[in-house]
**Student:** 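There's a structure below that I have some questions on.
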Amino acid sequence: MVISCHMQDLSTQLKLIKKGAVELISEDELVKKLQENRPLRVKFGVDPTTADIHLGHTVALTKLRQFQELGHKVVFLIGDFTAQIGDPSGRSETRKPLTAEEVSRNAETYLQQVFKILDKDPARLEVVYNSHWLGKMGVKEIIGLASHYTVARMLERDDFQKRYKEGTPISILEFLYPLMQGFDSVQIDADVEIGGNDQKFNLLVGRELMRDYGKKSAQVVLTMPLLEGLDGVRKMSKSYNNYIGITEPPKEIFGKIMSVSDELMYRYYELLTNEEVAEIKKQHPMEAKKKLGEILVERFYDEATAKSARAEFENVFKANQLPQDIETIYIGKDTSNIIDLIIEAKLVESKREAKRMIEQGGVKIDSEKVTDEKFLVDLNKEHIIQIGKRKFAKIKK
RNA sequence: GGACAGGUGGCCGAGCGGUUAAUGGUAACGGGCUGUAAACCCGUCGAGCGCAAGCUCUUCGUAGGUUCGAAUCCUACCCUGUCCA
């Protein structure tokens, strides 16, 4: 396969690359690189600290895909070594380091999900692991690396500075992180590195290190906005539990989108779709939201699935019907009282919680609200139990 | 190494010998309103037993101790921050 002959003209490339980005450092340098008319090496690194990719990650992945479509090569870096250190970026406390096993397990599933978005063609995608070089460094080399940066400069980083002022701990380990990430760029010979806005500092360290290590040209830095999570306030993150995972079931993705505020919906349109936000705002918000749900489900599954996710939603919540596929739970008894039943079905965590649910009118059997805590359920017949608005289960003996 | 300050429920943060399963905020959950929106309003929010009033167990960094009784006092240890070297 010929790689470099499909290069688009400069202004077209530049326009697409800048679309949605927060910052490009520097445009001049990028132009120079593009003018060399070769596939650029576009670095993107992830720490496989969790196995699942969520919508927030797809902002950058979408950008990478665009680079691929422009004929460039994505160097996808799995930070299997750095994941064991724990990057504090964007958070106010030290992250727990992971074990090697956790990391490699995560990396595997992570890649599977990345392939849903990126082109797997080896001419367009290279996957590398930073343990290959970082794992081999000796103390001498690490000290050498550390000598390239100063404490004062480290403390320039926003979150370090904040934590330092607040008196929250920063371990020396964490100072090493940006250096290692930067060293990755040296190893990879990155032309461009993409990252979230919170990564800006680390990405810039990469630029400096590349110069220090005598590279002809340093990487260009392209930062993308952080996607707000479902609460609309904090960034989307698994640890805040405000995320939509791309492997989640279609109806979950659709449902979560529907529960988002209108304001946030438009933000999602801006960062995750090609739609014109101004056009979208002309529609009824609910209609627009359903459409967004469809677009996203289609991206991670397919069109038919997207359509049925929407139909399902309309059935369950508008027409007040039951979902299509309810999990069936088998209980090995003829009868059971309602409290034990929903505990056994793992719909609630404790008896106290079960009682509360009933007291507050959140438990339904076969669409009938249960008010009696002692309600006895005949399990020889199949029943449908509902807890709250969205938990359903079929119960059988 | 020295001098201080601090470690409380998912998070923040009061309490500083009994009235404390522990004020308040926030998150979460249930209900109402709605477009399963958001905002807002009401309620719940360690666990087990009991129809209930209530009873019991576990929880305030860790381990001991004092006391009729401790998150609160003492001792040791661990962890964090500030200042000095």
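Every chain is numbered from 1 and lettered A, B, ... according to where its sequence line falls, protein lines coming before strand lines.
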**Student:** Sticking with atom C1', work out how far rU19(B) lies from rG6(B), rounded to a whole angstrom.
**Tutor:**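 Pairwise C1' distance, rU19(B) against rG6(B), rounds to 28 Å.
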**Student:** Could you tell me which nucleotide pairs with rC40(B) by Watson-Crick or G-U wobble geometry, both distances under 3.5 Å, or answer none if nothing does?
**Tutor:** rG32(B)
**Student:** Sort out the partner of rC49(B) for me: Watson-Crick or G-U wobble, both distances under 3.5 Å, none otherwise.
**Tutor:**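 Pairing partner: rG54(B).
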**Student:** Centre of F76(A)'s six-membered ring, under 6.0 Å away, within 45 degrees of the axis: is that where NZ or CZ of K43(A) sits?
**Tutor:** no
**Student:** Which whole-number value in Å describes the distance from L264(A) CG to rA39(B) P?
**Tutor:**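 Going from CG in L264(A) over to P in rA39(B) covers 11 Å.
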**Student:** Quick one: look up who rC77(B) pairs with, Watson-Crick or G-U, both distances under 3.5 Å, and put none if it's unpaired.
**Tutor:**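 In the structure as shown, rC77(B) has rG61(B) as its Watson-Crick or wobble partner.
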**Student:** Using the P atom as the reference point in each nucleotide, state the distance between rG81(B) and rA70(B) in Å, no decimals.
**Tutor:**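 Here rG81(B) and rA70(B) have their P atoms 33 Å from each other.
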**Student:** Can you check the distance between rC55(B) and rA22(B), where both ends of the measurement are the P atom (answer in whole Å)?
**Tutor:** 13 Å
**Student:** Rounded to the nearest angstrom, tell me the gap between atom CG in N242(A) and atom C1' in rA38(B).
**Tutor:** 16 Å
**Student:** For the pair R356(A) and E353(A), find out whether any cationic side-chain nitrogen is under 4.0 Å from an anionic carboxylate oxygen.
**Tutor:**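 Salt bridge absent between R356(A) and E353(A).
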**Student:** Counting any heavy atom closer than 4.0 Å, what does G232(A) reach on the DNA or RNA strands: base, sugar-phosphate only, or nothing?
**Tutor:**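 Contact class for G232(A): none.
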**Student:** Any strand counts, and the cut-off is 3.5 Å on both contacts for Watson-Crick or G-U wobble. Which nucleotide pairs with rA14(B)?
**Tutor:** none
**Student:** Taking the six-membered ring of Y301(A), is NZ or CZ of K116(A) closer than 6.0 Å to its centre and within 45° of its axis?
**Tutor:** yes
**Student:** Judged by each residue's nearest nucleotide on RNA chain B, which is more toward the 5′ side, I387(A) or E359(A)?
**Tutor:** I387(A)
**Student:** Below 4.0 angstrom, N of the basic side chain to O of the carboxylate: do D340(A) and K333(A) qualify?
**Tutor:** no
**Student:** Using a 6.0 Å distance limit plus a 45 degree cone around the ring axis, check whether K281(A) lies over the aromatic ring of Y266(A).
**Tutor:** yes
**Student:** Rounded to the Å, how far apart are Q386(A) CD and rG30(B) P?
**Tutor:**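 Rounded to the whole Å, the gap is 10 Å.
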**Student:** Before accepting this row, confirm whether a basic side-chain N of the pair K290(A)/E314(A) lies closer than 4.0 Å to the acidic partner's carboxylate O.
**Tutor:**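 Yes, charged N to carboxylate O under 4.0 Å.
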**Student:** What pairs with H148(A) under ring-ring contact (aromatic ring centres under 6.0 Å, His included), at least two apart in sequence or on another chain?
**Tutor:** Y213(A)
**Student:** Which value, in whole Å, describes the distance between the P atoms of nucleotides rG30(B) and rC12(B)?
**Tutor:** 25 Å
**Student:** Answer yes when R207(A) and E193(A) have at least one side-chain N-carboxylate O distance shorter than 4.0 Å, and no when they do not.
**Tutor:**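 No, R207(A) and E193(A) are not salt-bridged.
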**Student:** Could you work out the separation of rU36(B) and rC16(B) based on their P atoms and round it to a whole Å?
**Tutor:** 49 Å
**Student:** Would you sort out whether Q219(A) and E29(A) count as a side chain to side chain donor-acceptor pair (under 3.5 Å), showing the intermediate values?
**Tutor:** CA-CA 9 Å; Q219(A) 66 182 7; E29(A) 287 178 38; over 6 Å; no
**Student:** Which nucleotides of nucleotides 79-85 of chain B have their base under 4.0 Å from a protein heavy atom (B), which only their sugar-phosphate (S), and which neither (-), written as one string 5' to 3'?
**Tutor:** -SSS---
**Student:** Would you mind reading off the distance between K391(A) atom NZ and rU36(B) atom C1', rounded to a whole angstrom?
**Tutor:**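 So the NZ-C1' distance, K391(A) to rU36(B), works out to 16 Å.
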**Student:** Please report, rounded to the nearest Å, how far the C1' atom of rC29(B) is from the CZ atom of R390(A).
**Tutor:**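 My rounded result for the distance is 12 Å.
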**Student:** Using atom P of each nucleotide, how far apart are rA27(B) and rC11(B) to the nearest Å?
**Tutor:**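 15 Å, rounded to whole Å.
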**Student:** Partner lookup for rU72(B), please. Criteria are Watson-Crick or G-U wobble with both distances under 3.5 angstrom; report none if nothing qualifies.
**Tutor:**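 Pair assignment: rU72(B) / none.
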**Student:** Strictly by Watson-Crick or wobble contacts shorter than 3.5 Å, is anything paired with rA3(B), and which nucleotide is it?
**Tutor:** rU82(B)
**Student:** Just how far, in rounded Å, is P of rA38(B) from CG of L230(A)?
**Tutor:**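 It is 11 Å, rounded to the nearest whole Å.
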**Student:** Take the protein atom CE of M357(A) and the nucleotide atom C1' of rG43(B), then report the distance between them rounded to whole Å.
**Tutor:** 12 Å
**Student:** Are R157(A) and D159(A) within salt-bridge range, i.e. N to O under 4.0 Å?
**Tutor:** yes
**Student:** Rounded to whole angstrom units, what separation is found between the CD atom of E314(A) and the P atom of rG35(B)?
**Tutor:**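 Atom-to-atom, E314(A) to rG35(B), this comes out as 14 Å.
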**Student:** If we call it a pair only when both distances are under 3.5 Å in a Watson-Crick or G-U wobble match, what pairs with rU20(B)?
**Tutor:** none
**Student:** So if I define the base as every atom that isn't primed, P, OP1 or OP2, how would nucleotides 47-54 of chain B read as a B/S/- string at a heavy-atom cutoff under 4.0 Å?
**Tutor:** BBBBS---
**Student:** With side chain to side chain donor-acceptor pair (under 3.5 Å) as the test, would you mind laying out the steps for S104(A) and N106(A) before giving the verdict?
**Tutor:** CA-CA 5 Å; S104(A) 69; N106(A) 286 345; over 6 Å; no
**Student:** Which is true for M258(A) with a 4.0 Å heavy-atom rule: it touches a base, it touches only sugar-phosphate, or it touches nothing?
**Tutor:**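 Touches a base.
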**Student:** Between rA63(B) and rC4(B), how far apart are the P atoms? Round to whole Å, please.
**Tutor:** 27 Å
**Student:** Taking the same atom, C1', in rU72(B) and in rU8(B), what whole-Å distance lies between them?
**Tutor:** 11 Å
